[in-house]
Amino acid sequence: MKAFLTKVRAFSREEDGVALTEYLILLALLVGGVITAVTAAGSNLSNAWEAWGTWWTSSLSPPA
């Protein structure tokens, strides 16, 4: 038990674990924001991409 408490105290004094935790929280927030943005704009982006693809294939012809 004493060895466990010693390891916990040593871990709490180190700043590497805290920095890693902060980066993981920041990464989770960024991933959540990207997922939310893609979900919110997904159908609009799909419609715009489809319209652009239709214009591209109907308006342009390959070189002769």
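All values derive from a computational prediction rather than experimental measurement.
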Could you tabulate the donor-acceptor pairs under 3.5 Å formed by side-chain atoms of residues 26-40, not counting sequence neighbours?
from, atom 1, to, atom 2, distance (Å)
Thr36, OG1, Gly32, O, 2.8
Thr39, OG1, Ile35, O, 2.7

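- Applying the ring-ring contact (aromatic ring centres under 6.0 Å, His included) definition to pairs two or more places apart or across chains, none involves residues 29-48.
- Looking at residues two or more places apart in sequence or on another chain, you find no side-chain hydrogen bond (donor to acceptor under 3.5 Å, both in side chains) involving Trp52.
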